[in-house]
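Chain identifiers are assigned alphabetically (A, B, ...) following the order of the sequence lines, protein sequences preceding nucleic acid strands; residue numbering begins at 1 within each chain.
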There are 2 protein chains.
Amino acid sequence: MVAKGLTRATLTEAALRIVDGDGLDALSMRRLGSELRVDPMAAYRHIPNKEALLDEVVEAVMSEIDPDAVDASRPWQDQLRSLARSYLATLRAHPNAAPLIAQRSLRTAGSLRVVEEALRIMTEAGAQLADAVATIDAIGLLSSGIAQAAGASSEPQGGASADRFAGLPPHEFPLLGQAAHAGALSDGLADVLDFAVDGMIAALEAKGAAANERLTGAR
Amino acid sequence: MVAKGLTRATLTEAALRIVDGDGLDALSMRRLGSELRVDPMAAYRHIPNKEALLDEVVEAVMSEIDPDAVDASRPWQDQLRSLARSYLATLRAHPNAAPLIAQRSLRTAGSLRVVEEALRIMTEAGAQLADAVATIDAIGLLSSGIAQAAGASSEPQGGASADRFAGLPPHEFPLLGQAAHAGALSDGLADVLDFAVDGMIAALEAKGAAANERLTGAR
DNA sequence: ATGGTACGTCTACGCCGTAGACTACTGTGG
DNA sequence: CCACAGTAGTCTACGGCGTAGACGTACCAT
């Protein structure tokens with residue numbers, strides 16, 4: 001009586017379930033085994049070590065992103081914004097896995113489709129490849145950072161992190177205190193990505209416009 | 001013969017030395033003890049648990065940033081750029097500690113001075129507080145992400161990460177392959193921050209200009 | 001039927017964070 | 001001057017971790 005039919009996919013699925021439900025620290029090989037009603041060491045028939053399992057988890061999350069969801073008929077700016085939003089939304093669906101993704105994001109194969117798609121959108125709009133890479137890097141880094149921060153702040157207590165800033169000595173930190181009272185520090189995290197993306201779009205537009213003027217001999 | 005004169009500061013210093021030298025995983029209470037030629041449990045006379053020690057390490061790194069290094073006579077855009085650069089430079093000096101900072105950055109007191117300073121620069125230039133917060137958040141998140149990625153990529157092997165992308169099937173990922181060959185993926189990480197900051201500056205300028213026009217009734 | 005192979009199990013090793021009892025020293029009030 | 005309380009470092013031990021290596025057991029092709 002062996003044949004529990006364990007596979008890499010089953011393991012990954014269970015691992016992600018544990019991480020989502022009980023946090024990254026809760027994911028141990030022993031816990032994984034008990035989740036699947038199997039000896040902890042059984043996993044090692046399918047993965048070389050825990051690192052590989054974590055890679056698989058990252059891969060699983062990243063493959064939830066659907067790069068084809070963007071409407072190709074919209075202007076490239078909208079496409080880029082939409083891509084960034086779905087990237088962030090996916091990460092926010094797995095806040096506990098965000099630290100993993102922050103460390104491995106660009107190195108995992110699952111995100112390559114999204115990256116390629118974003119590069120296509122921007123270069124077809126006339127952007128330099130290096131600028132496009134910078135933009136998509138920034139989007140990836142920001143998204144994982146935001147998802148991570150959002151996950152971390154909600155776990156310890158409720159939303160008391162804003163209160164800590166609100167209690168700062170107002171003479172030393174007037175603006176921070178003000179921002180805390182306005183809720184800008186805690187609520188606005190998701191807006192950070194939009195703001196940054198808009199900013200980078202503006203920069204790309206400016207560069208593109210300058211290049212066009214140079215080409216057409218205008219100005 | 002007891003009196004080794006252990007203090008919180010000594011512990012923090014040794015901890016950071018271990019992290020910088022041998023990586024985050026190398027920092028264990030036992031290792032910390034042996035580094036200071038002291039029983040591992042001795043640390044617990046000065047800190048409640050390892051979490052607190054990690055907080056101290058983050059604090060130590062953050063306090064290396066000197067927010068007064070920016071030249072107040074320069075335009076606010078340059079001040080912001082300079083602040084962002086010194087933030088990133090500090091984090092890059094401790095790449096192994098970057099994951100810690102990514103998780104705790106805004107929650108630690110040491111970074112508050114920098115944040116306050118950045119908010120002051122931007123709001124004095126006419127930016128909305130919420131936009132200023134978004135900008136500084138993005139700078140913090142990007143910097144820690146960049147420092148972390150830079151540290152992670154150099155540790156496993158040399159710089160072979162670019163080669164992995166270079167070996168991708170060119171039909172599926174033409175732009176990624178191109179970017180890899182151009183070195184844009186690995187070398188350009190530091191430029192990402194500059195690019196994003198420039199973009200956000202552009203956005204702030206645009207918003208400011210629009211607000212000014214509205215105020216003066218121009219256009 | 002038999003031998004090989006894939007998969008799950010078991011035991012054990014050396015790490016980890018840290019609780020709790022113990023010891024040696026220091027500075028203070030009688 | 002001394003007892004005594006408090007402080008700082010030590011020791012032992014517990015439960016948990018990742019995983020190496022030996023061991024069974026069920027299947028499949030010969």
Residues B:Arg31, B:Glu35: salt bridge by 4.0 Å N-O rule: yes

Once rounded to the nearest 0.5 Å, what's the spacing between atom CD of A:Glu56 and atom CZ of A:Arg8? 4.0 Å

Which residues pass the side chain to side chain donor-acceptor pair (under 3.5 Å) test with B:Glu13, sequence neighbours left out? none

Between B:Arg113 and B:Asp68, is there a side-chain N and carboxylate O pair less than 4.0 Å apart? no

What is the distance from CZ of B:Arg37 to P of D:dT10, rounded to the nearest Å? 12 Å

Nucleotide D:dC17, atom P - distance to CG of A:Leu53 in whole Å: 14 Å

B:Asp194: which residues meet the side chain to side chain donor-acceptor pair (under 3.5 Å) condition with it, sequence neighbours left out? B:Arg85

Rounded distance (Å) that lies between atom C1' of C:dT18 and atom CG of B:Leu11: 15 Å

Specify the residues of residues 39-51 of chain B, ordered by number, for which at least one heavy atom lies under 4.0 angstrom from an atom of DNA chain C. B:Met41, B:Tyr44, B:Arg45, B:Asn49, B:Lys50

Under a 4.0 Å N-O cut-off, is there an ion pair linking A:Arg104 with A:Glu59? no

Which whole-number value in Å describes the distance from B:Leu54 CG to C:dC16 P? 14 Å

Contacts of type side-chain contact (heavy atoms from CB on, under 4.5 Å), residue B:Ala15, not counting sequence neighbours: B:Leu27, B:Leu32, B:Leu53, B:Val57

Taking DNA chain C as the partner, which of residues 25-34 of chain B come within under 4.0 angstrom of it by heavy atom? B:Leu27, B:Ser28, B:Met29, B:Arg30

Set of side chain to side chain donor-acceptor pair (under 3.5 Å) partners for B:Asp20, sequence neighbours left out: B:His94

